[in-house]
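No hydrogens, no waters, no symmetry mates; every other heavy atom, side chains included, goes into these values. This structure is a prediction, so every number in the text was calculated from the model and none was measured.
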Amino acid sequence: TAPPPGASPPPPVEPVTPLQAPPPQAGAPASAAVVQPLVEPPPAPRQVPVYRRNWFWGAIGVALVTGVVVLFLSLSNQDPPTPGTRLGDMRAF
């Protein structure tokens, strides 16, 4: 994209110069000035088991509540059983 007309160009960017190592101390070997301390990376985060996550127990609770509601509705909407008398078994024709 081009800058809008009449806008001043951005200032030039100067290159970054690398830092210079300090001069070696008197009496120290030349390789000692080059050696840098090692920095260990932080340990990898530990994996949390699935059963310790909140969404897992939330899904279990939703499944249980849904099952109870379905069971309650299916048992409450049944037709009444036919009576044990012959009148309930008679055909009209």
Which atom pairs, one a donor and one an acceptor, fall under 3.5 Å between side chains of residues 5-13 and the rest of the protein, sequence neighbours left out?
none

Ignoring hydrogens and angles, write down the donor-acceptor pairs under 3.5 Å from the side chains of residues 39-52, residues two or more places apart or on other chains.
none

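Cluster membership for W57 and L64, using ILVMFWY side-chain heavy atoms within less than 4.5 angstrom, is shared. Both F72 and V69 are assigned to one and the same hydrophobic cluster, defined by single-linkage of ILVMFWY side chains at heavy-atom distances under 4.5 Å.
Clustering of Ile, Leu, Val, Met, Phe, Trp and Tyr side chains at separations under 4.5 Å places L71 together with L75.
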